[in-house]
Every structure is written in C-alpha cells, then in structure tokens.
J.: 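Just dropping this structure here.
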Amino acid sequence: NLKAINRIYQVQLERAFDGFLNSGSYILGKGVSEFEKDFSSYCGTEYAIGTGNGLDALVLIFRALIEQGRLSRGDEVLVPANTYIASILSVILAGLKPVLVEPDPDSFNLDPGQLESNLSGKTKAILVVHLYGQLADMTAILDFAGNHELLVVEDAAQAHGARDEKGRMAGAFGLAAGFSFYPTKNLGALGDAGAITTSDRELADLLFKLRDYGRASKYLNDHIGMNSRLDELQAHFLRIKLDDLDEQNRIRREMAKIYLNGIQNPKIKLPAYRGGGDHVFHQFVLRVKEREHFINYMTDKGIGTLIYYPVPPHHQKALKEYNNLSMPVTEAIHREVISIPLNPSLSEDQLHFIMERINRY
C-alpha cells in the first residue's frame with residue numbers, strides 16, 4: 001500500500017515539490033548532489049552516483065570497469081541463479097557473460113560453497129545479490145574473491161540499510177554497488193530512481209561522466225555514455241525518506257520477529273534470520289510446497305501474497321542459451337517461495353490476523 005507508506009511523509013514531500021518547482025533547476029541540481037552526499041555517507045562509501053534506475057546502475061558499473069580495462073568484453077561474472085533477471089541482464093548488457101550459481105537454500109543468497117565449481121579461466125568478477133534484504137555471506141565471498149583475484153560488485157537493490165555485526169553497510173563491501181529506489185523498496189522513490197556507491201575515486205569520476213552522456217563538460221564528451229541521471233525531484237523525495245530509513249527498517253525487523261515467533265505451522269518454512277541488522281526484510285518470504293493451494297487459501301481470507309519470483313531466470317525465453325541448465329536448488333526455490341505482507345503501514349492487529357490464518361492453514 002504505497003499510499004499508506006508515503007502518507008507519513010506527505011507534508012514534507014509536498015514542501016519538497018514546491019521547492020523543486022520554484023527552483024528552476026530540474027536536471028542534476030542541488031537535490032541530486034545533496035542526496036548523493038547523504039547516501040554515500042549513510043552507506044559508508046566515499047561516493048554515490050545517482051542514476052535513472054537500479055538496472056542502469058549495474059550496467060554502468062560493468063561498462064566503467066570495461067572502459068578502465070579491469071574487465072574485458074566476454075569475461076565471465078558469477079551471478080546467483082535465483083536472482084531477479086535484472087541482475088543477469090546488467091551483465092549481458094555490458095557485454096559480459098553471466099555464469100549462474102546455485103544459492104544457499106536457507107538464506108536464498110549466493111552460496112560461497114558453489115563458487116569454486118563454477119570458476120573458469122574467464123571468470124573475472126562476482127555479482128553478489130543481497131536478496132530480499134538480507135546480506136549475503138560477504139566474509140566468505142570476499143575471501144574467495146581475494147584468493148582468486150576477482151572483482152566483487154554488489155546488487156543491493158533490496159538491501160538499503162542492511163549492515164553486518166561490524167556496522168559495514170550493504171553497498172560498501174565490494175568495489176561498487178548498484179541500488180534501486182523503485183517505489184516498493186525500503187528506500188523508495190515516487191518513480192524510477194537508482195544509485196551507485198563506491199569508494200574508488202577514479203571509478204566514481206568515470207561513472208559521473210558515463211551516466212551523463214560521457215561528458216567531461218557541457219559539450220565535450222570523453223566517453224560513450226548514457227542518459228541515466230537521477231531525477232532531481234526524486235532526489236528531493238529520497239533525501240526526506242533517507243532520514244527515516246533506519247527507523248522504518250527497525251519496524252520491519254520487529255514485525256518480522258512477530259511472524260517468526262508466532263507462525264507455527266509444519267507446512268510453512270520460515271525465512272532464515274540471525275536476529276541482527278543484516279536483514280531489512282524487503283520481503284518476508286515463506287516456502288510452501290503446495291503454493292497454489294496456499295495462495296488460494298490466503299486470497300479467500302482476504303490476505304494478499306506475491307511470488308518473488310515465479311520463473312527462474314534460466315527458464316526465461318529471453319535467456320534461451322540457459323534454458324537447458326539443471327539447477328535443482330534454484331528451481332525448488334522458485335516453485336515454493338511466497339511473500340506475505342510486511343511493511344510499516346500494517347497494524348499489529350493485521351499482523352496477528354495474518355499470522356493466525358497461516359497457523360490455521
């Protein structure tokens with residue numbers, strides 16, 4: 001319910017729009033530069049580069065790394081097989097080759113134990129996805145990458161504000177990270193928006209140019225760039241909501257704990273959670289063997305559900321060359337996962353209503 005989620009910011013959003021409208025500065029203005037400064041500080045990185053959306057953020061990272069000579073077209077990138085297809089598309093659109101890796105069946109994230117068997121002489125990078133808002137096992141992944149001289153890029157599109165026990169944030173582990181601010185994200189714009197975080201100065205300098213036609217100045221183009229600039233209005237909106245992100249994530253975790261402590265049904269497998277800040281519960285994802293039957297039951301009780309994601313990437317028509325792969329862990333996950341409502345607009349009564357109905361299933 002995006003109207004309910006955004007209603008608490010309504011006065012601030014309206015004020016921000018009035019200021020934007022009267023500023024006369026609508027492209028890469030003060031709002032974008034201030035949000036970039038705030039977001040990099042929040043994530044613990046030196047730089048943030050606002051982009052048009054999360055997919056562009058990842059594509060730009062890979063294109064910049066190719067331009068720098070740190071990657072070459074045709075290089076292989078290890079990617080979790082159960083991610084949203086955008087992660088894989090970013091690799092392909094940059095001219096690289098995704099290699100799909102089975103996930104951990106409990107966390108849904110990249111399984112470090114599966115990386116070695118997917119290595120080849122062409123493997124040059126790992127794209128880590130913090131799926132559903134939970135940090136991947138970055139200690140193991142970074143150790144593996146270091147031992148094999150691989151670059152690490154993060155897809156943090158669902159993990160705004162997730163942090164490990166040392167306080168390191170999603171977006172600050174790898175060389176660079178892509179974020180999406182799609183309206184349903186924990187930090188959501190009121191339209192499309194994205195960003196890149198990095199602490200690599202030369203990479204950041206190149207990315208600032210690539211997202212704006214490759215320009216060094218208004219009519220001097222040093223690179224073959226894109227038009228993927230964070231919208232000025234969305235930047236104003238995101239600054240407002242960024243101030244409240246930690247509190248919103250705290251509420252999500254408290255709601256998740258209510259579910260985790262209260263759902264007791266042998267037909268339902270609950271998500272793995274260690275109890276810390278490493279999960280921001282962008283989604284609360286159950287696994288149910290008879291998923292369609294469960295969906296029908298929940299619909300009959302007036303409770304919405306969504307599947308993230310019904311078709312694994314390697315079964316998509318767009319990825320024909322991967323259609324013959326056998327990936328049993330990924331395929332089982334995609335057959336069984338189902339998300340139930342969890343967001344700060346829900347009341348405690350609603351949470352208990354949902355929980356009680358699930359226990360009766």
J.: Is the number of heavy atoms from other residues, nucleotides or ligands under 6.0 Å of Phe294 CZ greater than 12?
T.: yes
J.: So, Gln158 and His130: side-chain donor and acceptor under 3.5 Å apart, yes or no?
T.: no
J.: Cut-off 3.5 Å, side chains only: do Gln134 and Ser107 have a donor facing an acceptor?
T.: no
J.: Is it the case that one hydrophobic cluster holds both Ile196 and Leu89, taking links as side-chain heavy atoms less than 4.5 Å apart, direct or via other members?
T.: yes
J.: Can you tell me if Glu232 uses its side chain to pair, donor with acceptor, with the backbone of Val32 under 3.5 Å?
T.: yes
J.: Do the ring centers of Phe179 and Phe39 come within less than 6.0 Å of each other?
T.: yes
J.: Taking side chain as C-beta onward, heavy atoms only, is Asp104 less than 4.5 Å from Leu110?
T.: no
J.: Less than 6.0 angstrom separating the ring centers of Tyr132 and Phe108, yes or no?
T.: yes
J.: Parallel, tilted or perpendicular: which describes the rings of Tyr273 and His279, with under 30° parallel and over 60° perpendicular?
T.: perpendicular
J.: Say whether, by atom type as modelled, one donor and one acceptor occur between the side chain of Asn265 and the main chain of Ile358 under 3.5 angstrom.
T.: yes
J.: Checking side-chain polar atoms at under 3.5 Å, does Asn6 have a donor or acceptor matched by the opposite partner on Lys241?
T.: yes
J.: Answer with yes or no after comparing the ring centroid distance for Tyr42 and His160 against a 6.0 Å cut-off, counting only values under it.
T.: no
J.: Would you say the side-chain atoms of Thr299 pair up with the backbone N or O of Ile295, donor to acceptor, closer than 3.5 Å?
T.: yes
J.: Counting C-beta onward and ignoring hydrogens, is there a side-chain heavy-atom pair between Pro80 and Val101 closer than 4.5 Å?
T.: no
J.: Determine which pairs satisfy salt bridge (charged side-chain N to carboxylate O under 4.0 Å, His left out) with at least one residue from residues 4-17, sequence neighbours left out, and list them in order.
T.: none
J.: Give a yes or no on whether Tyr309 and Tyr182 share a hydrophobic cluster (residues Ile, Leu, Val, Met, Phe, Trp, Tyr; joining criterion: side-chain heavy atoms under 4.5 Å apart).
T.: no
J.: Tyr9 and side-chain contact (heavy atoms from CB on, under 4.5 Å): which single residue from Ile240, Leu190, Asp243 fits?
T.: Ile240
J.: Spell out, yes or no, whether Leu175 and Val79 are grouped together once hydrophobic residues are joined by side-chain heavy atoms under 4.5 Å, including indirect joins.
T.: yes
J.: Which pair of heavy atoms, one from Leu319 and one from Pro313, lies closest together, and at what distance?
T.: CD1-O, 3.3 Å
J.: Salt bridge (charged side-chain N to carboxylate O under 4.0 Å, His left out): which pairs involve residues 336-353, sequence neighbours left out?
T.: Arg287-Glu336, Lys289-Glu336
J.: In the structure I gave you, are the side-chain heavy atoms of Asn359 and Ile268 within less than 4.5 Å of one another anywhere?
T.: no
J.: Does Asn227 have more than 12 heavy atoms from other residues, nucleotides or ligands lying within 6.0 Å of its CG?
T.: yes
J.: Taking only Lys NZ, Arg NE, NH1 and NH2, and the carboxylate oxygens of Asp or Glu, determine whether Lys209 and Glu67 approach each other closer than 4.0 Å.
T.: no
J.: Arg201: which residues meet the side chain to side chain contact (heavy atoms under 4.5 Å, CB included) condition with it, sequence neighbours left out?
T.: Tyr47, Asp205
J.: Sub-3.5 Å donor-acceptor pair from the side chain of Ser199 to the main-chain atoms of Glu46, do we have one?
T.: yes
J.: Could you check whether His293 and Tyr361 have their ring centres less than 6.0 Å apart?
T.: yes
J.: Quick one: do Arg63 and Asp56 make a salt bridge, cutoff under 4.0 Å?
T.: no
J.: Hey, is OH on Tyr297 packed in by over 12 heavy atoms from elsewhere, all under 6.0 Å?
T.: yes
J.: Please name the pair of heavy atoms, one in Arg291 and one in Ile307, separated by the smallest distance, quoted to 0.1 Å.
T.: NH1-CG2, 3.4 Å
J.: Going by atom types alone, do His282 and Asn186 pair a side-chain donor with an acceptor below 3.5 Å?
T.: yes
J.: List for me each residue that meets side chain to side chain contact (heavy atoms under 4.5 Å, CB included) alongside Arg250, sequence neighbours excluded, and say none if there are none.
T.: Glu247, Glu254
J.: Evaluate whether atom NZ of Lys257 has more than 12 neighbouring non-hydrogen atoms of other residues, nucleotides or ligands under 6.0 angstrom away.
T.: yes
J.: Show the numbers, then the answer: is there a ring pair (Phe, Tyr, Trp, His ring centres under 6.0 Å) between Phe35 and Phe237?
T.: CA-CA 9 Å; Phe35 173 72; Phe237 291 162; over 10 Å; no
J.: Report the residue from Ile8, Ile5, Leu187 that forms a side-chain contact (heavy atoms from CB on, under 4.5 Å) with Gln248.
T.: Ile8
J.: With sequence neighbours left out, what residues match His352 under ring pair (Phe, Tyr, Trp, His ring centres under 6.0 Å)?
T.: none
J.: Among residues at least two apart in sequence or on other chains, which ones pass side chain to side chain contact (heavy atoms under 4.5 Å, CB included) with Ser339?
T.: Gln283, Val285, Tyr308
J.: Determine yes or no for a side-chain-to-main-chain donor-acceptor pair under 3.5 angstrom, with Arg215 supplying the side chain and Asn221 the backbone.
T.: no
J.: Considering only NZ, NE, NH1 and NH2 on the basic side and carboxylate oxygens on the acidic side, decide whether Asp212 and Arg229 come within less than 4.0 Å.
T.: yes
J.: Please answer: with hydrophobic residues joined when any side-chain heavy atoms are less than 4.5 Å apart, are Ile126 and Ile92 in the same cluster?
T.: no
